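Computed from a predicted model, the values in this text were never measured in an experiment. We're numbering straight along the sequence, starting at 1.
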Amino acid sequence: MAFTCMMNNEKIYSFHYPPAAWIDLKSQKKAHAFTMSCCGEAAVLKTSALGTQFFAHKTKSEKCPVTDDETKEHLFAKYLVSRTLHEMGWQVEPEKRGVTPDGTQWIADVYAEKGNAKMAVEIQWSPQTYEDTVARQQIYMDAGIRCVWLLRDAKSSNEIGRASCRERVSSP
């Protein structure tokens with residue numbers, strides 16, 4: 001499931017379209033050339049049962065390097081975050097890849113910029129240790145990006161929240 005594709009050689013985002021405009025765009029499929037951003041194969045526009053607007057391969061492609069291993073709930077959360085940030089005036093890029101000054105690579109579920117502000121939003125649906133979350137948070141800090149975590153597991157959320165508060169209280 002992808003939130004970007006190429007329409008007539010121009011990158012488009014599914015979350016840029018309100019539902020009525022998405023339905024209209026789907027009805028114009030013969031007027032446009034839709035291809036997947038990941039591999040250039042033909043794309044189709046779809047809407048999931050949860051209301052997630054997305055692009056999919058028209059036919060299964062063995063050439064495509066991207067796997068669909070995220071849950072529908074995780075994808076729906078990424079879609080909602082992307083759409084909301086876009087509606088608030090942020091420039092949004094799902095699955096943005098980057099690198100810190102020391103060469104550490106990162107991939108943000110949702111990356112957004114507005115003016116000089118840079119933000120990553122991580123939707124952590126699967127279990128992750130506190131140590132892993134802190135390490136990933138440090139990578140974003142090293143890259144000069146604020147990171148927001150949306151955690152499914154309340155226990156992890158409380159542990160991270162308490163640690164974050166302790167760090168803020170103890171910092172000068």
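Shortest non-hydrogen contact noted between Phe34 and Cys5 is CD2-SG, 3.9 Å. Across every non-hydrogen atom of His32 and Gln28, the tightest pair is NE2-OE1, 3.1 Å. Here the closest heavy-atom approach between residue His86 and residue Val92 is recorded as N-CG2, 3.6 Å. Smallest separation of non-hydrogen atoms from Ser82 and Val110: OG-CG2, 3.5 Å. When all heavy atoms are compared, the tightest approach of Pro101 to Ala143 is CD-CA, 4.2 Å. Scanning both residues, Thr104 and Asp102, for their nearest heavy atoms gives OG1-OD1, 2.9 Å.
Note that CE of Met88 and CZ of Arg83 are 13.0 Å apart. Values are rounded to the nearest 0.5 Å. A distance of 10.5 Å separates CD1 in Ile145 from CD in Gln137, rounded to the nearest 0.5 Å. The distance from atom CD of Glu95 to atom CZ of Phe3, rounded to the nearest 0.5 Å, is 8.5 Å. Expressed to the nearest 0.5 Å, how far CG of Asp109 lies from NZ of Lys96 amounts to 14.5 Å. From Met7, atom CE reaches atom CG of Leu25 across 5.5 Å, with rounding to the nearest 0.5 Å. In this structure, Lys58 NZ and Glu41 CD are separated by 11.5 Å, a value rounded to the nearest 0.5 Å.
Not one N or O on the side chain of Asp142 forms a donor-acceptor pair closer than 3.5 Å with the backbone of Thr100. Side-chain atoms of Gln53 come within 3.5 Å of backbone N or O of Tyr17 as a donor-acceptor pair. Not one N or O on the side chain of Lys72 forms a donor-acceptor pair closer than 3.5 Å with the backbone of Ala49.
The shortest side-chain heavy-atom distance between Val148 and Met119 falls under the 4.5 Å cut-off. A heavy-atom distance below 4.5 Å is not found between the side chains of Lys78 and Thr52. Under the 4.5 Å side-chain criterion, counting only non-hydrogen atoms from C-beta, Leu150 is in contact with Val81. Within the 4.5 Å cutoff, side-chain heavy atoms of Cys38 are placed close to those of His57. Contact of the Leu85 side chain with the Val121 side chain is registered, since non-hydrogen atoms from C-beta on lie closer than 4.5 Å. Side-chain contact between Met6 and Ile12 is absent, with no heavy atoms from C-beta onward closer than 4.5 Å. Inter-residue side-chain proximity for Ser37 and Phe55 is flagged as unmet; no heavy-atom pair is nearer than 4.5 Å. Contact check for Trp106 versus Tyr140: side-chain heavy atoms found under the 4.5 Å cut-off.
A single hydrophobic cluster is seen to contain both Leu50 and Tyr79, as judged by linkage of ILVMFWY side chains at heavy-atom distances under 4.5 Å, directly or through other members. Cluster annotation: Met36 and Phe54 are assigned to distinct hydrophobic clusters (Ile/Leu/Val/Met/Phe/Trp/Tyr, side-chain heavy-atom contacts under 4.5 Å, transitive). Cluster membership for Tyr111 and Ile123, using ILVMFWY side-chain heavy atoms within less than 4.5 angstrom, is not shared. There is a path of hydrophobic side-chain contacts, each under 4.5 Å, that joins Leu80 to Trp125.
Under the 3.5 Å distance criterion, with hydrogens and angles disregarded, no donor-acceptor pair is assigned to the side chains of Trp149 and Thr133. Checked by atom type, the side-chain pair Arg136/Gln124 shows a donor-acceptor distance below 3.5 Å.
Lys118 NZ: 12 or fewer foreign heavy atoms inside a 6.0 Å radius. At most 12 heavy atoms of other shown residues, nucleotides or ligands fall within 6.0 angstrom of atom CD in Gln91. The 12-atom threshold is not exceeded at NZ of Lys46, counting heavy atoms of other residues, nucleotides or ligands nearer than 6.0 Å. Around the CG atom of Asn9, the shell of radius 6.0 Å holds no more than 12 heavy atoms that belong to other residues, nucleotides or ligands.
Using bins of under 30°, 30° to 60° and over 60° for the plane-to-plane angle, the ring pair Phe15/Tyr13 lands in the tilted bin.
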